[in-house]
There are 2 protein chains.
Amino acid sequence: MNDMISGATRNTRQRSEVLALLDEIADFRTPQQLHALLRQRGAQVGLTTVYRTLQLLQDAGEVDATRLPGGEQLYRRCGASHHHHLVCRSCNATVEVRGPAVERWTERIAAEHGFTDIGHTLEIFGTCSRCSR
Amino acid sequence: MNDMISGATRNTRQRSEVLALLDEIADFRTPQQLHALLRQRGAQVGLTTVYRTLQLLQDAGEVDATRLPGGEQLYRRCGASHHHHLVCRSCNATVEVRGPAVERWTERIAAEHGFTDIGHTLEIFGTCSRCSR
DNA sequence: CTGCGTGCAAATAGTTTGCAGTTCA
DNA sequence: TGAACTGCAAACTATTTGCACGCAG
């Protein structure tokens, strides 16, 4: 029964819809994509509200945020385990990869330089076997 | 004598000014900042030209590009070898880090999935010691 | 000469904000 | 009831593009 965002926030239909969608997807999407998906499924939510809700969720630590090489924001429900993507340059096929070693490496490097509150982005690009033939 | 960008490019005053500034600075700046600096020193260069020149330089491998968590592009005259960045979320201080282990790891993972022609992006964000106080 | 380069102005793209009306607690 | 929320439209920011003119080679 707890669809709510923790804190002094109100439990509105719109927010529930955004959260429900994020739970279903579990993968990175732009606010615009999320908004489009919501409309497709008939949910009546404004783009502005999607942005504001994602902002709230991020502040509350409920979602992860990254950025595309092109600069757009990407959000994803977090809590599910952290992973990265291996993406094909020509067909966009995506493989999820996990790299505990890399996570540890980034933590260590950052700590060595006195940085705290560490996060990172890692994307791998290549040509998949089907496309390289 | 070789202020020029390699390739079929022309050696104009504007391009020389941009390159000269980049050489002086050696640290990450946004196109807007670079443009402002050029005007301050009396160089007559349009913002458009700064953007276009940076694009060219990036294609030519003469500059490094990253992105602020806020989304803006950052450019810097580039050191040759491949490296990644550890960037402070609040003051944008940047540390170059090298990670042979990560390079190898990405190669291996990608190869395991049948991908070829591999490249990757890795950025580490955190709060530097000065800002976390 | 010839066409790449330049810079203004206008167009884009993504995101944020003002504000009047709506809704949850 | 009343503060928080919503959504439209307009504002904003960073970046790109159209186009007429200018300059390098």
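Labels below follow one simple rule: chain letters A, B, ... track the order of the sequence lines, proteins then strands, and each chain is numbered from 1.
- Scanning all heavy atoms of the two residues, the minimum distance from B/His83 to B/Val97 falls at CB-O, 3.4 Å.
- To the nearest angstrom, P of C/dT15 lies 11 Å from CG of A/Leu34.
- Residue A/Thr12 places none of its side-chain N or O atoms closer than 4.0 Å to OP1 or OP2 of D/dC5.
- For the 3.5 Å distance criterion, the side chains of A/His84 and B/His120 fail to qualify, holding no donor opposite an acceptor.
- Under the 4.0 Å criterion applied to side-chain N and carboxylate O atoms, B/Glu72 and B/Arg67 are not assigned as salt-bridge partners.
- Judged purely by distance below 3.5 Å, without hydrogens or angles, the side chains of B/Glu62 and B/Tyr75 never pair a donor atom with an acceptor atom.
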Is there any protein nitrogen or oxygen under 3.5 Å from a nitrogen or oxygen in nucleotides 15-17 of chain D, and what are the pairs?
{"from": "D/dT15", "atom 1": "OP1", "to": "B/Gln73", "atom 2": "N", "distance (Å)": "2.9"}
{"from": "D/dT15", "atom 1": "OP2", "to": "B/Tyr51", "atom 2": "OH", "distance (Å)": "2.4"}
{"from": "D/dT15", "atom 1": "O5'", "to": "B/Tyr51", "atom 2": "OH", "distance (Å)": "3.2"}

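- Protein atom CZ of A/Arg13 is 14 Å distant from nucleotide atom P of C/dT22, rounded to whole Å.
- A distance below 6.0 Å separates the ring centres of B/His85 and B/Phe28.
- As a whole-Å value, the separation of A/His35 NE2 from D/dT6 P is 13 Å.
- Within 3.5 Å, no donor on the side chain of A/Arg10 pairs with an acceptor on the base of D/dC5, nor the reverse.
- Rounded to an integer number of Å, the gap from B/Leu57 CG to C/dG5 C1' is 14 Å.
- Among the protein residues, B/Gln33 comes within range of no part of the nucleic acid, since none of its heavy atoms lies under 4.0 Å from any strand.
- The phosphate of C/dG7 has OP1 or OP2 within less than 4.0 Å of a side-chain N or O from B/Gln14.
- The closest donor-acceptor contact from the side chain of B/Gln33 to the backbone of B/Thr30 lies under 3.5 Å.
- When the side-chain nitrogen and oxygen atoms of A/Arg15 are compared with OP1 and OP2 of D/dT6, one or more of them lie within a distance under 4.0 Å.
- Here the C1' atom of nucleotide C/dG14 and the CZ atom of A/Arg29 are 18 Å apart, to the nearest Å.
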